[in-house]
K.L.:
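Below: one structure in structure tokens.
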Amino acid sequence: MNKRLRVRVLPLMLASLLASTSSFAQNTSAGLSGRVLDAAGNPVVGATVEIIHVPSNTTKTVTTDASGRYSAQGLRVGGPFIVDAAKSGMQKAERKDVYLKLAEDTTIDLKLAADAAALETVQVTATAAAALFQADNKGMSTNVSQRQLIATPTPQRSIQNVARLDPRITITDRDRGNISALGQNFRYNSITVDTVNAGDPFGLEDNGLASVGTPISQDTIEEYNISTASYDVTTRRGAGANINAVTKSGTNDLHGSVYYAFQNTDDMMGKLKNSAGKDAKFTGFDRTWTSGATVSGPIVKDTLYFFLSYEESKNVGVGSSNGPSDSAATNPVQGITQAQVDAITDAASKLGLDPGDQSKADLSDKRTLAKIDWNINDYHRASLRYNKTKEVQPIPNDSANVVKLNSNWYFKNRDSESYVVNFYDDWNEGFSTEASVSYSTYDQARGPIFGGAQPSVQVYPNFGSGNNPSVQMGTEFSSQVNALHVKTWNAYFGGSWFLGDHTLKAGADYQQDEYYNAFLQGYYGSYTFRSLADFQSGSWYNYQLKQPAPGYTLDDVAAQFKLQQWGFFLQDTWQVTDRLSLQYGVRYDLPKIDDTPVLNPCFA
């Protein structure tokens, strides 16, 4: 135990030497701190600092301590904010157009001059150099604000397009969308939106996300925080990149947007030649489009706000790259002609199968989000968010030397749904808390695109010649029983004590996952034939059938288990000087999982 603590505390301190700002990885809010000084550079004790979020008129007021320091947590992300400081007998100082970063504590210092009847309010402005060398600009993380997102080209409108803005992030497989931080495996990443997991909940997806398309509309995001070396003790269950996003909120003004994006492969691709030298066409998809709308505004001015979003996207004409040798397919399978494919499909139909053809299918996504923000009073606020993403993905399931008909293609239907409530509370000027509770479900069903449930059939019309090319049809072997259901509860509570030069943070988080994974290959059977004649006569070479043993059902075959994860943390950020801070803390994680397997009497 002691060794573990030493290993954890040392990097916390070293990393903090690089940045005098403290981060709070699991937060969905921003922080603001600084000092109020007089004209001679001395601390101003008891000055009142007012922080106003202009779009919503949300106001927070704090008071400076004996060192002239102030701190405010749980603020809205973005801005603009107005920050002003005042004290009786001194001239008021004001900073306008302040924008706060997600999961970071921005430093704003203000200077008060002696009061004079002839003088007006002093407006404090930052120079370019000051903005460049502020403490909140340092550290192993990148923040991408809504203003930057609007100005940044994102052709796929995806998390990958945003994550690669961090120079330490690499998309190692552009087709799959693997996100690698500092060369690490993409499955090590933690990806959250409003503290709800947006990553792959089971660990089987090629891109590490809960869907092939973006799990949430990019037009709903207020800001991203991308961290590749977060040593904050609230960071949980992620050893790679920590990609944290917060969604937009309504304001006192009514806003709306309508958008449409379109790509056509005919205009993007040049002329292609396949391996046979024939003119070929890109078959990944024909065209793709995304359309959506957002609307936001006040329900009760200065108090209650709403934000709504709906988006649809579709990849039209997703198809196979393989085809008969005499076709214009991108990858013609040598040794299989269209005449042979026709003969095999004709024989399959006579045997009562539904073989299909090589017609294309569409990949579609529908994304819905609704959010309510409530300013309960000047010291407490809350938000409630609902999100649903529904995706239908066709997978042509290409493999070398095989022409696969679309009855052997499969779909992945993914449905993600989540609810999350966040609370931001200031109990007094020295103590604030942030808490969240969320519930999410993830359902993935995998099955045949065409033809319904039927055995998998593979026919080798020329077995023993060349690379043994074949034609495959029927329900794909691994898709005959393949379903996943995950239910997740998440809770987080963190409290911050502002004690002059020290800011203490302590709290706990909890996650419970309930898994149901039914996976049984060959449930409908799998046949292999070594010639067309054998197929026509029903003389199979190999046959497999896998079903539950007598007395058992598919629920007995399925993996069903519960995983609980507890986390406890304590951290101190010590502001040694205006240019140096030390952050040190400890985190203890406790996983708990069912460890008793189902009894198999055959091995008892």
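Quick note: residue numbers are just sequence positions, from 1. What's counted below: heavy atoms across the whole structure, side chains too, no hydrogens, waters or symmetry copies. It should be emphasised that the depicted structure is a prediction, and the values quoted were computed from it without experimental measurement.
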K.L.:
Determine, for Phe569 and Arg587, whether the Lys NZ or Arg CZ falls below 6.0 Å from the six-membered ring centre while staying within 45 degrees of the axis.
P.N.:
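Relative to the ring axis of Phe569, which defines the angle, Arg587 lies outside at least one limit.
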K.L.:
Check this for me, if you would: do Asp166 and Arg164 make a salt bridge, where the nitrogen-to-carboxylate-oxygen distance has to be below 4.0 angstrom?
P.N.:
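Salt bridge between Asp166 and Arg164, a charged N being under 4.0 Å from a carboxylate O: no.
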K.L.:
So, Arg446 and Ser479: side-chain donor and acceptor under 3.5 Å apart, yes or no?
P.N.:
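Yes, a side-chain donor-acceptor pair sits under 3.5 Å.
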K.L.:
Do Gln564 side-chain atoms and Pro591 backbone N/O form a donor-acceptor pair below 3.5 Å?
P.N.:
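Pair absent, no side-chain N/O of Gln564 close to backbone of Pro591.
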K.L.:
Would you please classify the geometry between the Tyr386 ring and the Tyr419 ring as parallel, tilted or perpendicular, with 30° and 60° separating the classes?
P.N.:
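Answer is tilted, since the angle falls between 30° and 60°.
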K.L.:
Going by atom types alone, do Ser309 and Thr220 pair a side-chain donor with an acceptor below 3.5 Å?
P.N.:
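Absent: no donor and acceptor within the cut-off.
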K.L.:
When you compare the side chains of Glu514 and Gln512, does any donor N or O come within less than 3.5 Å of an acceptor on the partner?
P.N.:
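Per modelled atom types, Glu514 and Gln512 side chains form a pair under 3.5 Å.
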K.L.:
Please tell me whether Asp232 and Thr234 have a donor and an acceptor in their side chains that are separated by less than 3.5 angstrom.
P.N.:
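Looking only at side-chain atoms, Thr234 and Asp232 do form a donor-acceptor pair, the distance falling under 3.5 Å.
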K.L.:
Starting from the C-alpha separation in whole Å, work towards a yes-or-no answer on salt bridge (Lys or Arg N to Asp or Glu O under 4.0 Å) for Lys360 and Asp286.
P.N.:
CA-CA 10 Å; Lys360 297 180 177 182; Asp286 294 336; 2.9 Å; yes
K.L.:
How about Ser438 and Tyr492: does a side-chain donor come under 3.5 Å of a side-chain acceptor?
P.N.:
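There is no such pair between these side chains.
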K.L.:
Sub-3.5 Å donor-acceptor pair from the side chain of Asn408 to the main-chain atoms of Leu405, do we have one?
P.N.:
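The answer is no, because no donor-acceptor pair under 3.5 Å joins these two groups.
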K.L.:
Distance alone, cut at 3.5 Å: any donor-acceptor contact between the side chains of Ser399 and Gln472?
P.N.:
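Note: Ser399 and Gln472 side chains miss the donor-acceptor criterion.
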K.L.:
How long is the straight-line distance from OG1 of Thr152 back to CZ of Arg147, given to the nearest 0.5 Å?
P.N.:
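One gets 12.0 Å once the value is rounded to the nearest 0.5 Å.
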K.L.:
If the plane angle is over 60° it's perpendicular, under 30° parallel, otherwise tilted; pick one for Trp289 and Tyr260.
P.N.:
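Plane angle under 30°, so parallel.
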K.L.:
Measuring only between side-chain heavy atoms, which start at C-beta, is Ser436 closer than 4.5 Å to Val421?
P.N.:
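Side-chain contact under 4.5 Å: no.
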K.L.:
When rounded to the nearest 0.5 angstrom, what is the spacing between CG in Asn413 and OG in Ser364?
P.N.:
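OG of Ser364 is found 8.5 Å from CG of Asn413.
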K.L.:
Are side-chain N/O atoms of Asn322 and Ser320 paired as donor and acceptor at under 3.5 Å?
P.N.:
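Judged by distance alone, the side chains do not pair up.
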K.L.:
Test Gln358 against Val403 for side-chain contact (heavy atoms from CB on, under 4.5 Å), laying out the working first.
P.N.:
CA-CA 9 Å; Gln358 288 197 296; Val403 174; 3.9 Å; yes
K.L.:
Which pairs, with at least one residue in residues 403-421 and sequence neighbours excluded, count as a salt bridge (charged side-chain N to carboxylate O under 4.0 Å, His left out)?
P.N.:
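For residues 403-421, and leaving out neighbouring residues, the salt bridge (charged side-chain N to carboxylate O under 4.0 Å, His left out) pairs sorted by first residue read Glu205-Lys412, Glu205-Arg414, Lys390-Asp415, Glu391-Arg414.
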K.L.:
Is a donor from one side chain sitting under 3.5 angstrom from an acceptor on the other, for Tyr224 and Gln218?
P.N.:
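Looking only at side-chain atoms, Gln218 and Tyr224 do form a donor-acceptor pair, the distance falling under 3.5 Å.
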K.L.:
Under 3.5 Å, side chain of Glu104 to main-chain N/O of Lys101, donor-acceptor pair present?
P.N.:
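Looks like no, no N/O pair under 3.5 Å.
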K.L.:
Keeping Thr170 on the side-chain end and Thr172 on the backbone end, is there a donor-acceptor pair under 3.5 Å?
P.N.:
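Looks like no, no N/O pair under 3.5 Å.
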K.L.:
For Lys487, is there an ion pair with Asp513 - N to carboxylate O distance below 4.0 angstrom?
P.N.:
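Result for this pair is no, no salt bridge flagged.
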K.L.:
Give a yes or no answer on whether the side chain of Asn406 reaches the backbone of Asp357 with a donor-acceptor pair at less than 3.5 Å.
P.N.:
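Looks like yes, one N/O pair under 3.5 Å.
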K.L.:
Between Gln454 and Thr475, do the side chains contain an N or O donor and an N or O acceptor separated by less than 3.5 Å?
P.N.:
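No - no donor-acceptor pair under 3.5 Å links their side chains.
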K.L.:
Rounded to the nearest 0.5 Å, how far apart are CG of Leu563 and CZ of Phe561?
P.N.:
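Here the interatomic distance stands at 7.0 Å.
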K.L.:
Does the Asn242 side chain pair with the main chain of Ser227, one donor and one acceptor, at a distance under 3.5 Å?
P.N.:
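Pair absent, no side-chain N/O of Asn242 close to backbone of Ser227.
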K.L.:
Does either side chain, that of Lys371 or that of Ser249, offer a donor lying less than 3.5 Å from an acceptor on the other one?
P.N.:
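Per modelled atom types, Lys371 and Ser249 side chains form a pair under 3.5 Å.
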K.L.:
Between Glu222 and Lys248 (side chain of the first, backbone of the second, donor and acceptor by atom type, cut-off under 3.5 Å), is there such a pair?
P.N.:
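Pair absent, no side-chain N/O of Glu222 close to backbone of Lys248.
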K.L.:
Applying side chain to side chain donor-acceptor pair (under 3.5 Å), run through Gln544 and Ser526 and close with a yes or a no.
P.N.:
CA-CA 5 Å; Gln544 296 183 53; Ser526 175; 5.1 Å; no
K.L.:
Side-chain contact, heavy-atom cut-off 4.5 Å: Val77 with Leu100?
P.N.:
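Counting from C-beta outward, Val77 and Leu100 never come under 4.5 Å.
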K.L.:
Are Thr154 and Leu149 side-chain neighbours, meaning at least one heavy-atom pair lies under 4.5 Å?
P.N.:
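No, their side chains stay 4.5 Å or more apart.
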K.L.:
Output, in order, the C-alpha distance, side-chain angles, deciding distance and verdict of side-chain contact (heavy atoms from CB on, under 4.5 Å) for Val246 and Asp194.
P.N.:
CA-CA 5 Å; Val246 63; Asp194 293 337; 3.4 Å; yes
K.L.:
Judged by atom type as modelled, is there a donor-acceptor pair below 3.5 Å linking the side chain of Ser456 to the main-chain atoms of Glu476?
P.N.:
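Flag not set: sc Ser456 to bb Glu476 has no pair under 3.5 Å.
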K.L.:
Under 3.5 Å, is there a donor on one side chain and an acceptor on the other for Glu434 and Ser29?
P.N.:
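Present: a donor and an acceptor within the cut-off.
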K.L.:
Checking side-chain polar atoms at under 3.5 Å, does Asn143 have a donor or acceptor matched by the opposite partner on Glu223?
P.N.:
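Yes, side-chain donor-acceptor contact under 3.5 Å.
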K.L.:
Please determine whether side-chain contact (heavy atoms from CB on, under 4.5 Å) holds for the pair Lys546 and Phe477, giving the CA-CA distance in whole Å, both sets of side-chain angles, and the decisive distance to 0.1 Å.
P.N.:
CA-CA 10 Å; Lys546 299 180 180 181; Phe477 185 66; 4.1 Å; yes
K.L.:
If we count only N and O atoms by modelled type, under 3.5 Å, do the side chains of Asp555 and Tyr516 hold a donor and an acceptor together?
P.N.:
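There is such a pair (donor and acceptor under 3.5 Å, judged by atom type) between the side chains of Asp555 and Tyr516.
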K.L.:
Counting C-beta onward and ignoring hydrogens, is there a side-chain heavy-atom pair between Ile171 and Asn178 closer than 4.5 Å?
P.N.:
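No. Closest side-chain heavy atoms not under 4.5 Å.
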K.L.:
Does some side-chain heavy atom of Val144 sit less than 4.5 Å from a side-chain heavy atom of Ile221?
P.N.:
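No, every pair of side-chain atoms sits at 4.5 Å or beyond.
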K.L.:
Determine whether the side chains of Asn225 and Asn244 contain a donor N or O and an acceptor N or O closer than 3.5 Å.
P.N.:
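Looking only at side-chain atoms, Asn244 and Asn225 do not form any donor-acceptor pair under 3.5 Å.
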K.L.:
Should Asn422 and Arg381 count as side-chain neighbours, where that means a heavy-atom distance under 4.5 Å?
P.N.:
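Contact flag for Asn422/Arg381 side chains = no.
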K.L.:
Does either side chain, that of Ser478 or that of Gln521, offer a donor lying less than 3.5 Å from an acceptor on the other one?
P.N.:
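There is such a pair between these side chains.
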K.L.:
Determine whether Thr573 and Tyr584 make a side-chain contact, defined as any pair of heavy atoms from C-beta on separated by less than 4.5 Å.
P.N.:
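Thr573 vs Tyr584: side chains apart.
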K.L.:
With a 6.0 Å cut-off on ring centres, are Tyr510 and Trp566 close enough?
P.N.:
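Between Tyr510 and Trp566, the centre distance is under 6.0 Å.
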K.L.:
Taking the side chain from Asp206 and the backbone from Arg176, do they hold a donor-acceptor pair closer than 3.5 Å?
P.N.:
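It does not hold such a pair.
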K.L.:
What verdict does the side chain to side chain donor-acceptor pair (under 3.5 Å) test give for Asp354 and Ser407, after you've listed the backbone C-alpha separation in whole Å, the side-chain angles of each residue and the deciding distance to 0.1 Å?
P.N.:
CA-CA 7 Å; Asp354 200 347; Ser407 63; over 6 Å; no
K.L.:
Between Asn197 and Thr192, does any side-chain donor sit less than 3.5 Å from a side-chain acceptor?
P.N.:
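No, because no side-chain N or O of Asn197 sits under 3.5 Å from a partner of the opposite role on Thr192.
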K.L.:
What do the steps show when you test Asp219 against Arg157 for salt bridge (Lys or Arg N to Asp or Glu O under 4.0 Å), and what is the final call?
P.N.:
CA-CA 9 Å; Asp219 280 68; Arg157 298 174 56 81; 2.4 Å; yes
K.L.:
Using modelled atom types only, decide if a donor and an acceptor are shared between the side chain of Asp365 and the backbone of Val392 within a distance under 3.5 Å.
P.N.:
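The answer is no, because no donor-acceptor pair under 3.5 Å joins these two groups.
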K.L.:
Can you tell if the side chain of Tyr310 reaches within under 4.5 Å of the side chain of Ser291, non-hydrogen atoms only?
P.N.:
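SC-SC contact between Tyr310 and Ser291 ruled out.
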K.L.:
Give the C-alpha distance, both sets of side-chain angles, the deciding distance and a yes or no for side-chain contact (heavy atoms from CB on, under 4.5 Å) between Val486 and Asp443.
P.N.:
CA-CA 7 Å; Val486 183; Asp443 293 286; over 6 Å; no
K.L.:
Do Gln156 and Asn161 meet the criterion of a side-chain donor-acceptor pair at a distance under 3.5 Å?
P.N.:
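Yes, because at least one side-chain N or O of Gln156 sits under 3.5 Å from a partner of the opposite role on Asn161.
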K.L.:
Rounded to the nearest 0.5 Å, how far does CG of Asn207 lie from CG of Asp200?
P.N.:
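Asp200 atom CG to Asn207 atom CG measures 7.5 Å (nearest 0.5 Å).
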